[in-house]
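Chain identifiers are assigned alphabetically (A, B, ...) following the order of the sequence lines, protein sequences preceding nucleic acid strands; residue numbering begins at 1 within each chain. Every value quoted in this text rests on a predicted model; they were computed, and no experiment measured them.
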2 protein chains.
Amino acid sequence: MLRILPKIRYNGIRHYSKLPPKVSTLAKFDFPLATHTVQSINSDLDNYLNKQQTKITLNGHINRKSRIRPTLGFGFLRDTNGDEIQLLATPDHTNSSIFELMKKLTVEDSVSVTGFIQQKESKSDGNDTQAVELELVVEDFQILNSSNLEAAQLDKLKHNDPSQIPPQFRYLQLRTPYYQKALRLRSQTAQLVRETFIKNHGFTEIETPLLFKSTPEGAREFLVPTRAFNKFYALPQSPQQYKQILMSSGFTRYFQIAKCFRDEDLRSDRQPEFTQIDLEMSYINNSDQVGVVVEDIIHNVWNKVAKKPTYKVNKNGYLEEINHDQPNKLQFEKLNYIDALTKYGIDKPDLRSNLSFTSLESYFTAQENKDFPVLEICILKQAFDPATTKKFKIPKTFTDDHNFPSRRPYVWAVNGPQDVTSWYKKLLDANIISTTSSFDESKLLAELNLEPGDVFAVSTRSKFPYENPTPLGKFRQLAVQEYPHRWQRPIVTEDGSLIDDYNYNDMVVGSWVVNFPLFNPIEIKSDEDKDSKYPQYDYTKYESTHHPFTMAKIEDYELLESDPLKVRGEHYDLVINGVEVGGGSRRIHDPALQQYIFEEILKISNFQDLFGHLLKALSMGCPPHAGLALGFDRLCAMLIGSSSIRDTIAFPKNQSGVDPVVESPTGVSEKALNEYYITTKQ
Amino acid sequence: MLRILPKIRYNGIRHYSKLPPKVSTLAKFDFPLATHTVQSINSDLDNYLNKQQTKITLNGHINRKSRIRPTLGFGFLRDTNGDEIQLLATPDHTNSSIFELMKKLTVEDSVSVTGFIQQKESKSDGNDTQAVELELVVEDFQILNSSNLEAAQLDKLKHNDPSQIPPQFRYLQLRTPYYQKALRLRSQTAQLVRETFIKNHGFTEIETPLLFKSTPEGAREFLVPTRAFNKFYALPQSPQQYKQILMSSGFTRYFQIAKCFRDEDLRSDRQPEFTQIDLEMSYINNSDQVGVVVEDIIHNVWNKVAKKPTYKVNKNGYLEEINHDQPNKLQFEKLNYIDALTKYGIDKPDLRSNLSFTSLESYFTAQENKDFPVLEICILKQAFDPATTKKFKIPKTFTDDHNFPSRRPYVWAVNGPQDVTSWYKKLLDANIISTTSSFDESKLLAELNLEPGDVFAVSTRSKFPYENPTPLGKFRQLAVQEYPHRWQRPIVTEDGSLIDDYNYNDMVVGSWVVNFPLFNPIEIKSDEDKDSKYPQYDYTKYESTHHPFTMAKIEDYELLESDPLKVRGEHYDLVINGVEVGGGSRRIHDPALQQYIFEEILKISNFQDLFGHLLKALSMGCPPHAGLALGFDRLCAMLIGSSSIRDTIAFPKNQSGVDPVVESPTGVSEKALNEYYITTKQ
């Protein structure tokens, strides 16, 4: 056992080969419970202030370093609600053994203190408006558990920047108000979501298995070996297939707040296990029937948990507060995929921004790559003040290649009148673009109306954009970050007046994105073209834009045979503030059609092994159905105003997939692996 | 692709290499939604009966074989609530193309039907008391999806005994009323549990990771390989360690309805993944504070979901309905482990039965095994009528060795006066028992008062019973099954009268079992003694009776050093109707004491690897805490009156761990395994 001693000592833990002393140990278990909290005292102050006979017990942690001298001591208790109160030890009321005990205090010890409440001696700072500051005069004191040295070392961080507390001390971080609030709000949100499903819409929550089947496609999955040779479960990426089987099982309205797993390379804000709000409804003949339920949840959580109204973009392009008079109608506006891509360059545009693109197709044709002929422009009107700025410098964020997934747009600033035309002259001279037969310079200049102070970006895209975001779509995102609160979409009030000087971060703007292509051409990634700034596609091979169970739009049915890439899917994404909060679709419940898509379009030769169980379930009279899934971690992060889902997860994994608190994953003995008929292999 | 054809054909699915025909396929997606349900029609019958102009659309499945002749057709629709209605096709209202369509119907097709409601032509069976029987006269009809041949083959089972439907057709089984109700009730229970925690007790639901760390002890765990060499996660057997870390994270009242995993050999009614209601509370100085919350949940779900009152055993040994006047007090009685074992021979006695044991220690000493000297008896008073029964035959269940985990008791029937003494004379003659110095035959006979008609069992146990159940405890369980509704514990009503002819299955009787030994001696399983009918223990080696985080009773603290087997734990089990519904404990929050128990008592030499993270979390001033977990699957099964948890799980695994619906687990390619640095090994 001795080998572990140095480490324990280092952590400030003593070595215990003997039974710890009885009296001090049992005092940790036998103690007075809190009679009050700081809050409950404050809410009924007249009853407690200076009433020595009214004994008050508080439980909590020592929040800051104590100062205990022989004649006077000050401690600082954080109660179980997180509120702080000063503890005063004074010889008049506190006996000497308690003074001795309090000298042993370190920050983050948990304690039980009994005494009475009095007003703190005011420091004459002349500030009369402050609330009465209280202290608890200590008459009895018990240390319920001691903290180690690290707690003291981290005390400064705890008060100043808890996010910087090393992740292995997650428990200390979680004790701070921000994280306490984050996880409590997550619990509140989950319960409100469940109530909305069950009470408003008659849904049933049904748990689906986490020990699922390996169906390799899409993201990489986690495998779970069993004690049978070469038999593995897989952890589900979503309950998609089971929930469709539930639709074939007579449940017409299913939901689940479900754990899902993806063994992907963890980007900045992904987790190998995550939570989604999952729903499915049968006897549905229109996706809006699902959307109405989802919107009820979304409006509810924003209004009731985050206490913020929700907005839509109305037909005039203004932000309009959602009116809840028509609960059976979709409230958020629908945006076509193709419109989102051509106006905003992305399928999840942040519609708080008013920035959009103008196509220059009628004037120019891009020449660099024949598959990307469309030239388009995004203008940042009056990005700078030409009167006070001599020579405007383009912000670096727009010219950093790393910010763009493929090529970056050409960006110019209009410093003087010559810049209104010079940009396309340069592009023409360099043969990057050519004019079309309908080119008309005066019409172009009138349409763009470029003026000194404007900054603009020009880029290319394919006729039907599969790039997502396009270079200009990425530029728009960067512009929104670079110029906060500029070019905001106006809010229209009830009396028709427009407001555009609102706080961007307070707005919640949602929309449905619809009419996605059902299939994408498969992207070719050849070694020789790996530096190409234009993606290359094989237009004869298709993959599902979302998943292979999505139904085609009825109008496009025959295109499934003649021109699959032209088929639009019955898929719908819910986008809020530029974040894809959820996505769903009508499903294919007809096994013949589903098999045709597996076999003839997606060319999945082993579809029977992978999806035979689903085809079988469909073939037993499974009714028409549709559903959706919302990312719960992301939704909670948005509700607390955080950009990181880690803030809403009690014990997140780090970017290496390691849980720094329990130090998983770990090595496993060969003997244990043998039971599962596996062995490690380098 | 041809290779899969035979199988598909066999399942009644056609082969689809062509895009299915447009019109019939799109009719499956574009259809009229239900305007009504059978229930909504019945509840407002005057508005619908014989009103041809009031069009009614119903959606649902074909519930039975249709009979469609050229001039008259009958179909049977089961709507989305599960209610059945007859469909009438008649040339007056139903056009011939619909007759043709209806001829194609098979049972379990999903359909949308439109028409009007009329009264069925009554068959003159003279039964006037029946409600009006309705039929829907068909005017429009769409098949939304066809079912395959198997649905028709299983139709008889579906109506007569859905539990016998082959498990791969779980979806068909789930469509039947029993399973629909079971899963809906589970959803309702989960929501009521959450409401009780949150609204009544201020708890926060917090999700803990499912990708946890391998801590091999207790049941076998599932491993999850990662894409790092010899690094594995493990799926958690419970959130125990994370919830204790949450207590060190400032959350004072945590709960979670959590998925847990155990890779055990699946006994009749175990599942590799299961769900538990998990809770933990900090700043607790008495286990009852946890018990009060748990009881609120238990009383609530039985009263509100199952609509049944809950009962306790009162001080007089009678069943008494729980009175809800004192919400902050435990209602169920506490039963000591030692009393449960000596009176009922098990730590989870079914207290609806009044059967208990009498110790014969003062008369006899058992001689077969010196560690099992106590002789005890269980009498089934008047098990048969001696007046009508010539020679009573002992029920086989009592004499079948397979029914008893170790030895089986000696069982006799009192047929005549000689049987009152002959049994112990035989045992004395065979040297199986000996008399004690205080043996007094007349006192013995008076105490037992055996009479013709009685059946009794005699067996042995150790002074402090670690066997659980004891042989006699197992006998008691078998007697309760063999003689339903006999020897029931009387219910005492408010006016003091006693009732004992109640229905056993309607009663809900709960109790807390407390004062378990904190440690058990480790059982020795040597090959030479494997046929021994007495377990053997090494009384110098200890294992935790429940888990190593359980606190000792304060009164027994010093025994931890001097005599660990005498230490009672602060553990409490909740037992309802003989089922262990949950268990919990006060935890050790003092890291010094926890380490002492790991190291000095349990001799876990690598405790730092396994539990170092927990010791570290405790050492940061973790407050005192206690908690409990309830088996949610079992609770739901009890609420619907089922003995099988499978009835409350949508897609259970079978006894081989196979999901018969999706056919998991499956083989995985060597290439996929390579990514995880593992390979299969026989």
Side-chain angles (χ1 to χ4, degrees), chain A residues 4 13 16 19-20 26 28 59 80 108-110 144-145 147-148 151 171 174-175 184 187 204-206 209 211 213-214 222 224 226 230-233 248-250 252 273 283 554 560-561 589-590 592-593 595-596 608 613 617 619-623 650-651 662 664-665 667-668 678-681, chain B residues 4 13 16 19-20 22 26 28 59 80 108-110 145 147-148 151 171 174-175 184 187 204-206 209 211 213-214 222 224 226 230-233 248-250 252 273 283 554 561 589-590 592-593 595-596 608 613 617 619-624 650-651 662 664-665 667-668 678-681:
Chain A
I4 54 138
I13 308 174
Y16 317 108
L19 185 64
L26 295 189
K28 297 177 175 183
N59 291 170
T80 49
E108 293 305 322
D109 284 357
S110 63
L144 306 183
N145 211 0
S147 70
N148 60 31
Y171 24 90
L174 290 177
R175 285 182 198 170
R184 286 171 203 273
S187 171
T204 303
E205 183 164 26
I206 301 176
L211 297 173
K213 176 177 170 170
S214 175
F222 284 105
V224 181
T226 70
N230 194 19
K231 293 285 181 196
F232 295 81
Y233 298 115
S248 193
S249 304
T252 54
E273 57 181 300
Y283 295 104
I554 283 184
L560 283 169
E561 210 159 31
H589 67 285
D590 181 65
L593 181 57
Q595 182 174 336
Y596 179 83
Q608 195 66 20
H613 54 272
S619 75
M620 208 172 256
C622 178
F651 301 107
V662 304
S664 67
V668 165
I678 58 170
T679 183
T680 53
K681 179 184 167 186
Chain B
I4 54 138
I13 308 175
Y16 316 108
L19 186 64
K22 181 174 178 178
L26 295 189
K28 298 178 175 182
N59 291 170
T80 50
E108 294 304 323
D109 284 357
S110 62
N145 210 0
S147 69
N148 60 31
Y171 24 89
L174 290 178
R175 285 182 198 170
R184 286 172 203 272
S187 172
T204 303
E205 184 163 27
I206 301 176
L211 298 173
K213 176 177 170 170
S214 174
F222 284 105
V224 181
T226 69
N230 194 20
K231 293 285 180 194
F232 294 82
Y233 298 115
S248 192
S249 305
T252 54
E273 58 181 299
Y283 295 103
I554 282 184
E561 210 160 31
H589 67 286
D590 181 63
L593 180 57
Q595 182 174 335
Y596 179 84
Q608 195 65 20
H613 54 273
S619 75
M620 209 172 255
C622 178
F651 302 107
V662 304
S664 67
V668 165
I678 58 171
T679 184
T680 53
K681 179 184 168 185

Quiz item: For the side chain of A/Ser187 and the backbone of B/Ile206, is there at least one donor-acceptor N/O pair under 3.5 Å apart?
Solution: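 Absent.
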
Quiz item: Looking at A/Glu108, A/Arg184, A/His613, A/Arg175, which has the largest count of heavy-atom pairs under 4.5 Å with chain B?
Solution: A/Arg175

Quiz item: Looking at A/Val224, A/Val662, A/Leu174, which one has more heavy-atom pairs under 4.5 Å with chain B than the rest?
Solution: A/Val662

If you compare all heavy atoms of [X] against all heavy atoms of [Y], which two are closest, and at what distance to 0.1 Å?
X	Y	answer
B/Lys28	A/His589	O-CE1, 3.1 Å
B/Leu211	A/Ser664	O-OG, 4.1 Å
A/Tyr596	B/Leu19	CE1-N, 3.2 Å

Quiz item: Given the options B/Gly667, B/Pro623, B/Pro209, B/Ala151, which has more heavy-atom pairs under 4.5 Å with chain A than any of the others?
Solution: B/Pro209

Exercise. Could you check which of B/Glu205, B/Lys22, B/Met620 has the highest count of heavy-atom pairs closer than 4.5 Å to chain A?
Key: B/Met620

Exercise. Answer with side chain, backbone, both or neither: which region of B/Thr226 has an atom nearer than 4.5 Å to a non-hydrogen atom of chain A?
Key: side chain

Sub-4.5 Å side-chain heavy-atom contact between [X] and [Y]:
X	Y	answer
B/Thr679	A/Thr680	no
B/Asn145	A/Cys622	yes
B/Asp590	A/Pro20	yes

Practice problem: Please flag which part of A/Ile554 lies under 4.5 Å from any non-hydrogen atom of chain B: side chain, backbone, both or neither. | Solution: both

